[in-house]
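Encoded as structure tokens, here's the structure I'll be asking about.
For clarity, every value in this text was computed on a predicted model and none was experimentally measured.
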Amino acid sequence: MGIVVKIGGIPWFNAMEEGIKERAAELGVSAEMIGPTSADPALQVRAIEDLIAKGVNVIGVVPNDEAALEPVLKKAMDAGITVIAHEGPGLNNVDWNFELASADGFGEAHAKLLCEKTQEPGTYAVYVGSLTVPLHNAWADAGIAWLAENCADKLQPVGDRYGVAESVDDSRSTALDLIAANPDLRGFLAFGSQGPIGAGRAIEERRLGGKVHVLGPFSPGQGQKLLKDDVISGGFMWNPAEAGRVFVTLGDMLVNGEEISEGTEIEGLGAVSPDAATRNIITDNLLEINKSTVDELAAKGL
């Protein structure tokens with residue numbers, strides 16, 4: 001089994017790799033994670049081509065660009081390889097895509113928290129990993145829509161969205177520019193695990209903690225100090241290590257001919273209600289990251 005993620009070497013996917021290795025050892029299967037050096041869809045295509053050439057039984061993917069991957073995933077399926085995705089709800093050439101959070105629920109949860117935290121009217125900015133990452137943009141859509149309907153008297157978006165949240169440096173420099181250009185900036189919805197960290201560092205540099213709120217999913221160990229210093233205001237996540245375990249569990253089940261149907265128990269997801277038409281298995285297993293939970297989450301290696 002080979003699992004191609006968005007980018008290697010960042011805490012979120014390091015945790016996922018631990019989950020992959022742990023579950024593979026428990027089940028006695030061979031599984032590796034491939035993390036490209038940048039969030040470039042072409043690098044994911046190349047990695048999947050390599051796995052097809054190796055003749056693996058299962059290919060897993062966390063896509064940077066769904067459309068760019070469809071041809072190579074079709075090639076994998078035509079070769080008889082089982083294909084599983086995570087964070088790829090629009091993919092067609094997969095056996096199953098699984099989520100530990102619904103797109104609307106995840107985006108709305110962050111939007112509600114931003115609205116609650118914000119005291120003075122003003123603007124907010126939205127980050128995504130890139131403009132082609134489907135799930136990040138679905139979260140952003142849901143968050144923006146919720147704020148437009150429920151918090152428009154307090155918060156208005158600045159610009160559209162910024163595809164910087166897979167890079168701490170890009171997230172930081174964009175945040176510094178936005179702070180300079182928008183004196184009424186009140187917050188960031190940062191979807192992508194490096195977005196809250198980079199935006200938080202910019203807030204810290206400008207000493208705006210508690211005045212400009214940063215909300216989004218991030219690795220608790222990486223953002224622990226920023227959260228405790230009121231630089232990051234909080235967020236929600238699912239356990240990337242658990243997602244890694246699910247990749248291996250689901251891959252093993254499918255290779256062994258198990259059917260995924262209503263009520264099937266999948267470790268890490270629970271009893272599922274799969275959508276056979278879209279090939280999606282969506283559950284809600286959200287964890288809140290706040291001052292009360294961050295130490296425990298970080299202690300788990302997240």
N290/T293 under side chain to side chain donor-acceptor pair (under 3.5 Å): CA gap, chis, key distance, verdict = CA-CA 5 Å; N290 56 37; T293 63; 3.3 Å; yes
remark   = So OG of S130 and CG of D170: to nearest 0.5 Å the spacing works out to 11.5 Å
key: Any donor-acceptor pair under 3.5 Å from S219 side chain to W12 backbone   = yes
query = Measuring from N64:CG to H136:NE2, what's the distance to the nearest 0.5 Å?
reply = 8.5 Å
message = Under a 3.5 Å distance rule, please check whether E267 uses its side chain to pair with a backbone N or O of V246 as donor and acceptor.
response = no
ask   = If you count the non-hydrogen atoms of other residues, nucleotides and ligands that lie under 6.0 Å from CD in E296, is the total more than 12?
value = no
task = Could you please spell out the steps behind the side-chain contact (heavy atoms from CB on, under 4.5 Å) verdict for V133 and D65?
result = CA-CA 5 Å; V133 175; D65 184 333; over 6 Å; no
ask   = For E87, does its backbone N or O pair with a side-chain atom of E99 as donor and acceptor, under 3.5 Å?
value = yes
task = Can you run down the side-chain hydrogen bond (donor to acceptor under 3.5 Å, both in side chains) pairs that involve residues 103-119, sequence neighbours left out, and say none if there aren't any?
result = none
inquiry  = Y124 vs V158, test: side-chain contact (heavy atoms from CB on, under 4.5 Å). Steps then yes/no.
reply    = CA-CA 6 Å; Y124 71 97; V158 57; 6.0 Å; no
remark   = One should read off an interatomic distance between L155 CG and H213 NE2, to the nearest 0.5 angstrom, of 9.5 Å
key: Donor + acceptor pair across side chains of S171, Q194 (<3.5 Å)   = no
request  = Identify the heavy atoms of A31 and I20 that sit nearest to each other, and give their distance.
outcome  = CB-CG2, 3.8 Å
ask   = Between E120 and K154, does a salt bridge (charged side-chain N to carboxylate O under 4.0 Å, His left out) hold up when you go through it step by step?
value = CA-CA 7 Å; E120 298 178 50; K154 198 190 296 184; over 6 Å; no
inquiry  = Using modelled atom types and a 3.5 Å cut-off, is there a donor and acceptor pairing between side-chain atoms of D284 and backbone atoms of S102?
reply    = yes
message = Taking D230 first and then K291, would you say they form a salt bridge - that is, a charged N and a carboxylate O separated by under 4.0 Å?
response = yes
ask   = How long is the gap from CD on E149 to CD1 on I144, to the nearest 0.5 Å?
value = 14.0 Å
inquiry  = Can a donor-acceptor pair be found, under 3.5 Å and without considering hydrogens, that links the side chain of R161 to the backbone of N137?
reply    = yes
request  = Step by step, work out the salt bridge (charged side-chain N to carboxylate O under 4.0 Å, His left out) result for D78 and K74.
outcome  = CA-CA 6 Å; D78 289 346; K74 183 177 188 306; 2.9 Å; yes
inquiry  = Restricting to non-hydrogen atoms, name the atom on Q44 and the atom on P36 that form the minimum distance, rounded to 0.1 Å.
reply    = CG-CG, 4.2 Å
request  = Give, for atom CG of L185 and atom NZ of K211, the distance between the pair rounded to the nearest 0.5 Å.
outcome  = 13.5 Å
message = Less than 4.0 angstrom from a charged side-chain N to a carboxylate O is my criterion; do E26 and R23 meet it?
response = yes
Separation of S193 OG from L302 CG (nearest 0.5 Å) = 12.0 Å
query = Does K225 pair with D229 as a salt bridge, N-O distance under 4.0 Å?
reply = yes
Flag side-chain contact, heavy atom, 4.5 Å: V61 against I3 = no
ask   = Centroid-to-centroid, H86 to W96, below 6.0 Å?
value = no
task = Decide side chain to side chain donor-acceptor pair (under 3.5 Å) for D40 and S38; before the verdict, give the C-alpha distance in whole Å, the side-chain angles of both, and the deciding distance to 0.1 Å.
result = CA-CA 5 Å; D40 179 351; S38 71; 4.7 Å; no
key: Minimal non-hydrogen separation, V128 against A140, with atom names   = CG1-CB, 3.9 Å
request  = Check I260, V94, L91 against R279 for a side chain to side chain contact (heavy atoms under 4.5 Å, CB included) and give me the one that passes.
outcome  = V94
Which donor-acceptor pairs under 3.5 Å do the side chains of residues 196-203 make with protein atoms, sequence neighbours left out?
none

remark   = Heavy-atom closest pair (I48 atom, L73 atom, distance to 0.1 Å) is CD1-CD2, 3.9 Å
message = Within the structure provided, determine whether L227 and I289 are in side-chain contact (heavy-atom separation under 4.5 Å).
response = yes
request  = Measure from the side-chain N and O atoms of R245 to the backbone N and O of G268, and report whether any donor-acceptor pair falls under 3.5 Å.
outcome  = no
For the student: nearest non-hydrogen atoms of A68 and V45, plus distance = O-CG2, 3.7 Å
ask   = Would you find a donor on one side and an acceptor on the other, under 3.5 Å apart, between the side chain of E18 and the backbone of A241?
value = no
key: Donor-acceptor under 3.5 Å (D95 side chain, I84 main chain)   = no
task = Check step by step if side-chain contact (heavy atoms from CB on, under 4.5 Å) holds for F188 and L178.
result = CA-CA 10 Å; F188 290 86; L178 287 166; 3.8 Å; yes
query = So, for F106 and W238, is the gap between ring centers shorter than 6.0 Å?
reply = yes
message = E32 vs M1, test: side-chain contact (heavy atoms from CB on, under 4.5 Å). Steps then yes/no.
response = CA-CA 6 Å; E32 64 172 330; M1 189 179 302; over 6 Å; no
message = Between P274 and F98, is there a side-chain heavy-atom distance shorter than 4.5 Å?
response = no
key: Test side chain to side chain donor-acceptor pair (under 3.5 Å) applied to T123 and Q156, step by step   = CA-CA 5 Å; T123 58; Q156 291 292 323; over 6 Å; no
request  = Compare every heavy atom of A175 with every heavy atom of Y127, then report the nearest pair and how far apart it is.
outcome  = OH-N, 2.9 Å
message = Do S233 and L215 make a side-chain contact, defined as non-hydrogen atoms from C-beta onward lying under 4.5 Å apart?
response = yes
key: Residue pair D275, N280: steps toward the side chain to side chain donor-acceptor pair (under 3.5 Å) verdict   = CA-CA 5 Å; D275 184 331; N280 281 313; 6.0 Å; no
